[in-house]
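Hydrogens, waters and symmetry mates play no part in the numbers below; they use all other heavy atoms, side chains included.
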Amino acid sequence: MLIRDAHLADGRVRDVRVRDGRIVTVGRNLQQNDSSVVEADGNLLLPGVVDVHVHFREPGFSHKETWTTGSRCAAAGGVTTVVDQPNTDPATTTGAAFDEKAELARESLVDYGINGGVTPEWDPETLFERPLFALGEVFLADSTGDMGIDADLFADALERARDAGVPVTVHAEDADLFSADARERDDHDAWSAFRTAEAEIAAVERACGVAEDTGTTVHVAHTSTPEAVDVAAEAEMTCEVTPHHLFLSRDDYDDLGTFGRMNPPLRSEQRRAALFERLADGTVDMVATDHAPHTRAEKDASIWDAPSGVPGVETSLPLLLEAARRGDLSYERVRDATARNPAEVFGLSQKGRVAEGYDADLVLVDPEASQKIRGADLHSNCEWTPFEGMAGVFPLWTMVRGELVYERTEGGERFGEAVGRNVRE
Ligand SMILES: NC(=O)N[C@@H](CC(=O)O)C(=O)O
Ligand SMILES: [Zn+2]
Ligand SMILES: [Zn+2]
């Protein structure tokens, strides 16, 4: 296959030849001896997004999402690799639970990793025998699934992961620093007042410290404050930020209500802007979505009863491309934060670049084709988005190892087959 006349993120215009699922040549005016030619027409060709943080909810919560619906969201959003988190039912804390999830993941349209979780009941022996993507997210405080663990178990888990050569990702919040005063309130912003910025910053400091003492590193999931990003960078650990912490703030509770509840919570507009700055200047290693769907009926509760989490895997690249279109972020930063860096940090040597020898995980976009995000147009089982009405630049098509998994057509759109594979196998 020859993809002709593609604009790359660095401004070069190139043809890309794909054979057996791999990029074999990136060059100019390549000879057309290929069985099929895809005209890129000068549109922007990016490496498919590697999203190291999604919750596709199977087994256990298929009314919220399934591997089919979740991976359709991914494909339609330009995401070609996803990493699923362990707070399913059963939680992915044993070899048997991993196997059960691995069977379901075969329905995925996009490539995937499966993380292992840590609880007092976990079985590290059988878990580490499996092709884990990483250990994590290791919950240092309770979130959806109530998998929060204590300091001793965390240190033990870090040592075992280090010895097994498996990366670790952490959900860093310290419940001892949550605000008791905020519990007295019942407005929506109370959630942000309760799970304080200090609770995150202190937990990131502690997690990095334990990692240093253990002679290893951690990757900090969903850092929501600029301070936490700086702590991780200073300690030479890596971190990810989510689209909701980049594009939404406490000012949005008026519109979002309990649908804006997630962990860690939305922060002040000032912190949001500072977090975005750190993405633009490269201090933030990567964007990951923490795609955490819950149904409308579940979210439609009091701020203390609604479940935490928002969907995001389908709208992440579109929101970032819109920011790039407006000049708030370079296309190279979008490329690096969504694909190159996550692939490098997690050792996916075949992923994350439009270059010879890499998997043909590719996404084509018309960078000027900005449109309004509508929950009704998205593909999650949860049927809503916290980004309703905001602008996004959506893919024209998405390819996984040379196979079209998503394509916009004249009348609508078309999905491909469940070609996804475990990236650690
Ligand atoms: N982020 C959230 O608010 N919720 C996540 C769990 C998590 O990532 O903490 C979920 O699984 O619902
Ligand atoms: Zn989390
Ligand atoms: Zn999560």
Quick check on side-chain contact (heavy atoms from CB on, under 4.5 Å): which of N43, V38, T409, V365 does W397 satisfy it with?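 Testing W397 for a side-chain contact (heavy atoms from CB on, under 4.5 Å) against N43, V38, T409, V365 leaves exactly one candidate, V38.
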If you draw a 6.0 Å radius around [atom1] in [X], do more than 12 non-hydrogen atoms from other residues or ligands fall strictly inside?
| X | atom1 | result |
| --- | --- | --- |
| R421 | CZ | no |
| D20 | CG | no |
| E269 | CD | yes |
| Q270 | CD | no |
| Q371 | CD | yes |
| R374 | CZ | yes |

Working to the nearest 0.5 Å, report the span between [atom1] of [X] and [atom2] of [Y].
| X | Y | atom1 | atom2 | result |
| --- | --- | --- | --- | --- |
| N115 | L132 | CG | CG | 7.5 Å |
| L364 | M399 | CG | CE | 8.5 Å |
| I3 | R14 | CD1 | CZ | 14.5 Å |
| M390 | T315 | CE | OG1 | 9.0 Å |

Any side-chain heavy-atom pair from [X] and [Y] closer than 4.5 angstrom?
| X | Y | answer |
| --- | --- | --- |
| F387 | P318 | no |
| E200 | V204 | yes |
| D361 | P47 | no |
| Y253 | R250 | yes |
| L45 | H7 | no |
| E322 | S370 | yes |
| F98 | P131 | yes |
| V49 | V363 | no |

Do [X] and [Y] have side-chain N/O donor and acceptor atoms under 3.5 Å apart?
| X | Y | value |
| --- | --- | --- |
| T217 | E236 | no |
| T225 | R267 | no |
| N263 | S143 | yes |
| D51 | T289 | yes |
| Q85 | H171 | no |
| R22 | Q350 | yes |

Sorted by first residue and then second, give each salt bridge (charged side-chain N to carboxylate O under 4.0 Å, His left out) pair with at least one member in residues 68-85; sequence neighbours left out.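 Every pair satisfying salt bridge (charged side-chain N to carboxylate O under 4.0 Å, His left out) with a residue in residues 68-85: D84-K101.
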For [X] and [Y], which heavy atoms make the closest approach, and how far apart are they?
| X | Y | answer |
| --- | --- | --- |
| V400 | L109 | CG2-O, 3.9 Å |
| G402 | M1 | O-CE, 3.4 Å |
| L30 | D15 | N-OD2, 3.0 Å |
| T223 | E240 | OG1-O, 2.8 Å |
| P293 | S380 | CB-OG, 3.9 Å |
| V229 | R278 | CG1-CD, 4.0 Å |

Within the side chain of [X], is there an N or O that forms a donor-acceptor pair under 3.5 Å with the backbone of [Y]?
| X | Y | value |
| --- | --- | --- |
| N381 | S62 | yes |
| S192 | L266 | yes |
| D366 | E368 | yes |
| R17 | Q31 | yes |
| R160 | P124 | no |
| K299 | V310 | no |
| H294 | P311 | no |
| E314 | H379 | yes |
| R353 | Y358 | no |
| R408 | F394 | yes |

With side chain to side chain contact (heavy atoms under 4.5 Å, CB included) as the criterion, how do F133 and L348 come out once you've worked through the C-alpha distance, each side chain's angles and the decisive distance to 0.1 Å? CA-CA 10 Å; F133 184 85; L348 301 179; 4.0 Å; yes
Pair H55, F61 - check ring pair (Phe, Tyr, Trp, His ring centres under 6.0 Å), show working. CA-CA 10 Å; H55 298 265; F61 307 101; over 10 Å; no
Audit row: T169, H219, side-chain hydrogen bond (donor to acceptor under 3.5 Å, both in side chains) steps and yes/no: CA-CA 5 Å; T169 75; H219 170 78; over 6 Å; no
Between D10 and R12, is the salt bridge (Lys or Arg N to Asp or Glu O under 4.0 Å) condition met? List the steps. CA-CA 6 Å; D10 59 12; R12 289 179 301 156; 2.9 Å; yes
Assess whether side chain to side chain contact (heavy atoms under 4.5 Å, CB included) is satisfied between E173 and F178, documenting all intermediate values. CA-CA 9 Å; E173 287 183 284; F178 291 172; 4.1 Å; yes
Evaluation steps, side chain to side chain contact (heavy atoms under 4.5 Å, CB included), between L46 and V354: CA-CA 7 Å; L46 292 165; V354 181; 5.8 Å; no
For H291 and R57, what are the C-alpha separation, side-chain angles and deciding distance, and is it a side-chain hydrogen bond (donor to acceptor under 3.5 Å, both in side chains)? CA-CA 10 Å; H291 177 78; R57 304 299 193 202; over 6 Å; no
Does R272 come within less than 4.0 Å of D251, counting only side-chain N to carboxylate O?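 The answer is no: the pair does not qualify as a salt bridge.
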Would V287 and S316 count as a side chain to side chain contact (heavy atoms under 4.5 Å, CB included) here? Give the steps. CA-CA 8 Å; V287 173; S316 180; 3.7 Å; yes
Plane angle bin for H53 and H222 - parallel if under 30°, tilted between 30 and 60°, otherwise perpendicular: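 Rings of H222 and H53: tilted, as their planes differ by 30° to 60°.
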Starting from the C-alpha separation in whole Å, work towards a yes-or-no answer on salt bridge (Lys or Arg N to Asp or Glu O under 4.0 Å) for D377 and K372. CA-CA 10 Å; D377 297 337; K372 274 202 172 157; over 6 Å; no
Take R340 and D336 through the test salt bridge (Lys or Arg N to Asp or Glu O under 4.0 Å) and record every step on the way to the result. CA-CA 5 Å; R340 187 185 289 207; D336 292 353; 3.6 Å; yes
With ring centroids as reference points, do Y112 and W67 lie under 6.0 angstrom apart?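 Judged by ring-centre distance (under 6.0 Å), Y112 and W67 do meet the cut-off.
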